[in-house]
Amino acid sequence: IRGFVPPIKSNGGNTGNVTSRASKGDDALDDSTKRCMDMLCGPDGELPEKLRNLEPRLIEHISNEIMDRDPNVRWDDIGNAGLHHAKKCVTEMVIWPLLRPDIFKGVRSPGRGLLLFGPPGTGKTMIGKAIAGEAKATFFYISASSLTSKWIGEGEKLVRALFGVASCRQPAVIFVDEIDSLLSQRKSDGEHESSRRMKTQFLIEMEGFDNANEQVLLIGATNRPQELDEAARRRLTKRLYIPLPSSEARAWIIRNLLMKDGLFNLSTEEIDSICKLTEGYSGSDMKNLVKDASMGPLREAMRDTKITELKKEDMRPVTLQDFENALQEVRPSVSVNELGTYESWNNQFGSLS
Ligand code: ADP
């Protein structure tokens with residue numbers, strides 16, 4: 001890359017205090033920070049305008065910790081997992097515009113904010129990753145509660161860095177988990193000055209990429225949609241309810257997980273009974289259940305042998321009885337009362353199509 005200045009460590013590699021002096025030729029940067037900044041440089045060897053006034057260590061944090069180069073979730077899995085509705089909405093609203101920005105402009109310009117809400121463990125993060133994979137977009141994952149706790153006082157700058165790097169990596173998907181803790185309406189009185197500034201910055205950035213016609217999509221996920229205020233709702237134009245998995249979806253999860261490891265040997269009737277017994281289980285509860293059930297054959301084999309001597313082919317397949325035992329250990333994590341809250345919020349603010 002032209003214009004590269006070899007790194008010189010002037011203070012033991014400490015990049016702590018470089019503030020707006022930051023440019024990629026800065027002596028104070030250590031090797032890894034420099035490498036990271038170089039990767040973001042354009043063909044002219046210069047850092048894009050948007051990143052020039054940002055602290056290199058924040059840019060590095062975004063690139064190394066928040067940017068996920070290989071989200072590794074298959075788009076097909078979303079439909080199979082009972083999330084057909086989400087898949088259909090997202091295809092039109094997100095995938096097509098990210099793949100064909102030339103068609104989706106003017107009156108067709110897409111919303112830039114998508115909210116996925118519903119109980120925990122229902123596949124919201126999975127959908128976010130699948131979207132990024134399908135649209136060949138760079139995926140950025142950040143948990144809003146870490147922004148408010150870990151980056152206290154610096155959140156505003158980190159938010160700027162996040163949107164700055166995403167804009168250099170278009171098309172991009174920024175996934176903000178627990179977005180309610182960032183954009184909650186509860187704070188106004190006692191809220192810290194720094195988190196108020198962060199929230200404002202966040203809303204400004206969202207407004208910015210809306211106007212600039214950038215190929216950046218923000219996905220917020222929350223288990224507490226009722227905490228979002230009006231400003232947040234306005235920017236998250238599409239709001240999709242991601243409910244607990246249906247009986248068919250639960251059957252698919254069991255089959256899929258066991259088949260992957262060659263452990264599947266249940267009849268349709270057995271699967272049906274497991275599905276009846278797992279009413280109210282989330283996708284992630286199902287995963288834990290299958291995990292526990294798959295330990296059944298192993299525990300049994302261990303009664304007569306040592307783990308070091310165990311032959312895999314001697315282990316019996318996973319049975320309905322293993323699932324019945326596992327059901328005693330793995331209980332549903334979402335209570336029935338909580339579901340009412342999601343449904344009424346969905347009726348009031350959710351997108352139906
Ligand atoms: P959320 O973001 O809604 O809290 P995640 O996407 O993080 O949930 O899901 C937690 C775990 O449960 C993941 O490992 C995911 O693979 C699994 N999971 C959740 N929902 C489903 C589903 N509908 N089908 C398959 N796996 C699921």
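We count ligands from 1, going down the list as the structure has it; atoms in each ligand are counted the same way. A quick note: this is a predicted structure, and the numbers were derived from the prediction, not measured. Sequential numbering from 1 along the given sequence is applied to the chain's residues.
- Looking at Leu240 and Val90, their side chains come closer than 4.5 Å, going by heavy atoms from C-beta outward.
- Here CG of Leu236 is found 6.5 Å from CG of Leu218. Values are rounded to the nearest 0.5 Å.
- Centroid-to-centroid, the aromatic rings of Phe349 and Phe117 stay 6.0 Å apart or farther.
- Using a non-hydrogen distance threshold of 4.0 Å, Gly121 registers as a contact of ligand 1.
- On a distance-only criterion, Ile253 and ligand 1 share no N/O pair closer than 3.5 Å.
- Taking the six-membered ring wherever Trp is involved, the centroid distance between the rings of Phe175 and Phe140 does not fall below 6.0 Å.
- Near Ser284, the atoms of ligand 1 lying under 4.0 angstrom from a non-hydrogen atom of the residue are 10 (C), 11 (C), 12 (O), 19 (C).
- For the side chain to side chain contact (heavy atoms under 4.5 Å, CB included) with Pro119, the lone residue among Leu339, Thr341, Asp285 that qualifies is Leu339.
- Among the atoms of Lys287, some N or O lies under 3.5 angstrom from an N or O of ligand 1.
- Not one N or O of Pro119 is nearer than 3.5 Å to an N or O of ligand 1, by distance alone.
- Less than 4.0 angstrom separates some heavy atom of Thr122 from each of these atoms of ligand 1: 1 (P), 3 (O), 8 (O), 19 (C), 20 (N).
- Looking only at atom types and distance, the side chain of Thr278 has a donor-acceptor partner in the side chain of Arg250 under 3.5 Å away.
- Comparing Gly128, Ala249, Gly283 against atom 18 (N) of ligand 1, the shortest heavy-atom distance belongs to Gly283.
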